[in-house]
Colleague: 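What follows is a single structure, and I will ask about it in a moment.
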Amino acid sequence: MNKLQYKVGEHPNLPAPKTQGGIFKAIRNNLFSTWYDSIVTIILIYLLLSYLPMALDWLFFSADFFVDKRSQCTSGGACWGVITARFPQYLYGFYPPELYWRPNLASLLLLVALAPILYSKILYRKYFLMFSITYPLIAFWLLWGGFGLVPVESEKMGGLLLTLTLGVMGIALSLPIGILLALGRRSKMPAIRLFSTMFIELIRGVPMITLLFMATVLLPLFLPSDVIIDQLIRVIFIIVIFASAYMAEVIRGGLQSIRKGQYEASDVMGLSYWQSMSLIILPQALKISIPGIVNSFISLFKDTTLVIIVGMFDLLGVGRAALSNREWIGLANEVYMFIAIVFFVFCYLMSRYSLHLERRLSRSYK
Amino acid sequence: MSVKKAKAKKSKEVVIDIKELHKWYDSFHALKNVNLQVTKGEKIVVCGPSGSGKSTLIRCVNALEQFQQGSISVGGVEIKDDIKSINAVRAQAGMCFQHFNLFPHLTVLENCTLAPIWVKKMPKKQAEEIAMKLLERVKIPNEANKFPGQLSGGQQQRVAIARSLCMNPDIMLFDEPTSALDPEMISEVLDVMVDLAEQGMTMICVTHEMGFARRVADRVIFMDHGEILEQNDPETFFKNPKNDRAKEFLSQILGH
């Protein structure tokens, strides 16, 4: 290479050297950079080539998709009839079929309610946000009925509908309650600090299954006999307090990473406690806590499957019920794979969104 | 300088009145019997070795630190243990910190308009107009829509000054405003502070910038171990310090 000589003090800005050398160099760098890398790569390619066709064959090519019972599955692949024959049950549980439009509408509105929360660049965001805040009430009305709609008992709800109801309610309520608990635990007022600390420690120290049993079995014993709280409400309550105890600690971690100077600067400017929290401290603390918050959301969403313990039929419950049916017995692979895929899709979406959010927020400032 | 002094003498109204102030951090006696009266328009420079209590003193003036004995009143309002008096004092006294403490998630303009909008309930447009005027005054109107992290230290400190000025304070407190800055940025901040002083702002500055003290201060206060050991006009203080520790301190910071 011919190196140009520049006079001292007159060195111009040169373009940076190219580090990427196209796709072949990338493959070589990532897959074949050393001899043992190459061996691992070759073994993996071999395994992929030998097992992928088998897997695809079982999943799709020799699978039976629409059958009414197991004995009709003859092609030797997966027997998806266990899913397709009772697909509405996986979606809605035992919700009355003539009322399916109500959960459908509720899920559609859920997307509308989520849009302004997830994306900041939406026209009329303020008005959409107002809708988002009232959404839980609207969803409650649509799903349970009353006020002009035919009432539906919560025992009828099941499948993905129940899973999403528990998940969405849990996520929507545990975040604000978690924030309040985290602030409470750092409060200067001893009573509030003590309450928050005790609440968090007590809830965190008990397995969620125990709490679920307590809510469904013990709680009714303590309430007057004419007070009946819907089982679903009790279960949501337990999921929310359990998740918010964890949420509180995640957010407290974020709060602790905010430098004292930020508090002092907002104090000096005369901001009140709630102003300084909501305008200065929380926006920064929540941003730092995003990975932890989404982690909690994902684990909450998956923990909703625990409700089968107290006799509710969420997605997993419906699948297990199908398996125990004489006509479909022994199809555990198909059922669990389907359920795993559904959960994976939702959790992966949450995870991708959190990465998007982190990137968006870190672009705005360093 | 003489004009400024004459002005200060004409209006002898005491705006900051610190009497027999004592402060402890747990068992550590951080401020010992501090007495200080600041009149309107007066510029005070506080200096002293680190750990001498100078930052603690000005942080007491706007109630960022609590004190255990003595009294402080600012503009006739005595600092007590209630939010009301504390807010009344903070409304009069703006403050700039060593590490700027700008809000990193807000733009420069939003940093400046936040308190006027939320505390003073000023309409957004008016707050922005005022903020832009003040950003011009600290010579960075072009950075208004950037985030603090995109600015140099000197620019950030000037934003911090503008942000305090947006609340229209009568008094400005500076807590080592230039000690976290790269040397080449110190003068741009000091220029802004000199400009502020010349317009008659009452100022207390904790700083080691002796050039600034000479140029602006009406009084230099030397503190060590929580006590005010000497206070004098800058000429006398620098040329002829009486206190031994002050002599030693000056020889250390002016010696190199």
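Lettering follows sequence order; numbering is per chain, from 1.
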Colleague: Based on non-hydrogen pairs under 4.5 Å, which of B:Lys146, B:Arg59, B:Gln98 is most in contact with chain A?
Modeller: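 So the answer, after comparing B:Lys146, B:Arg59, B:Gln98, is B:Arg59.
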Colleague: What residue, out of B:Met95, B:Arg163, B:His99, B:Met167, has the most heavy-atom pairs lying under 4.5 Å from chain A?
Modeller: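 Top count of heavy-atom pairs under 4.5 Å with chain A: B:Arg163.
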Colleague: Which class fits the ring pair A:Tyr124 and A:Tyr127: parallel under 30°, tilted 30 to 60°, perpendicular over 60°?
Modeller: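 Judged by the thresholds at 30° and 60°, the geometry between A:Tyr124 and A:Tyr127 is tilted.
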Colleague: Give, as side chain, backbone, both or neither, the part of A:Gln275 having an atom under 4.5 angstrom from any heavy atom of chain B.
Modeller: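 Answer is side chain: those atoms of A:Gln275 sit under 4.5 Å from chain B.
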Colleague: With only heavy atoms counted, which part of B:Leu102 is less than 4.5 Å from chain A, the side chain, the backbone, both or neither?
Modeller: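 Backbone of B:Leu102 only, per the 4.5 Å heavy-atom cut-off to chain A.
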Colleague: Tell me every residue that passes salt bridge (charged side-chain N to carboxylate O under 4.0 Å, His left out) with B:Glu110, counting only those two or more places apart in sequence or in another chain.
Modeller: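 Testing B:Glu110 for salt bridge (charged side-chain N to carboxylate O under 4.0 Å, His left out), a comparison that skips the adjacent residues, returns none.
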Colleague: Do you know which of B:Ala115, B:Ser164, B:Ala93, B:Cys166 has the most heavy-atom pairs under 4.5 Å to chain A?
Modeller: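 Of the options given, most contacts go to B:Ala115.
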Colleague: Please state whether the rings of A:Phe242 and A:Tyr246 are parallel, tilted or perpendicular, taking 30° and 60° as the class boundaries.
Modeller: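 Tilted, since the angle between the ring planes falls between 30° and 60°.
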Colleague: Sequence neighbours left out, what passes side chain to side chain contact (heavy atoms under 4.5 Å, CB included) with A:Ile122? Give chain and number order.
Modeller: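 Side chain to side chain contact (heavy atoms under 4.5 Å, CB included) check on A:Ile122 returns A:Ala115, A:Tyr119, A:Phe128.
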Colleague: Among B:Thr107, B:Asn87, B:Leu114, who wins on heavy-atom pairs under 4.5 Å with chain A?
Modeller: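 So the answer, after comparing B:Thr107, B:Asn87, B:Leu114, is B:Leu114.
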Colleague: Return the orientation label for the B:Tyr25 and B:Phe28 ring planes: parallel under 30°, perpendicular over 60°, tilted otherwise.
Modeller: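 Parallel, since the angle between the ring planes stays under 30°.
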Colleague: Give a yes or no on whether the backbone of A:Ser244 and the side-chain of A:Ser174 come within a donor-acceptor separation of less than 3.5 Å.
Modeller: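 Absent.
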Colleague: Checking heavy atoms, do the side chain of A:Ser272, its backbone, both or neither come under 4.5 Å from chain B?
Modeller: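 Contact with chain B: none, neither part.
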Colleague: Once rounded to the nearest 0.5 Å, what's the spacing between atom CD of A:Gln284 and atom CD1 of A:Ile288?
Modeller: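 The CD1 atom of A:Ile288 is 7.0 Å from CD of A:Gln284, to the nearest 0.5 Å.
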Colleague: Which region of B:Asp175, side chain (C-beta onward) or backbone (N, CA, C, O), has a non-hydrogen atom less than 4.5 Å from a non-hydrogen atom of chain A, or is it both or neither?
Modeller: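 No part of B:Asp175 comes within 4.5 Å of chain A.
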Colleague: Which bit of B:Phe97 is near chain A, if near means a heavy-atom gap under 4.5 Å: side chain, backbone, both or neither?
Modeller: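 Interface part for B:Phe97: side chain.
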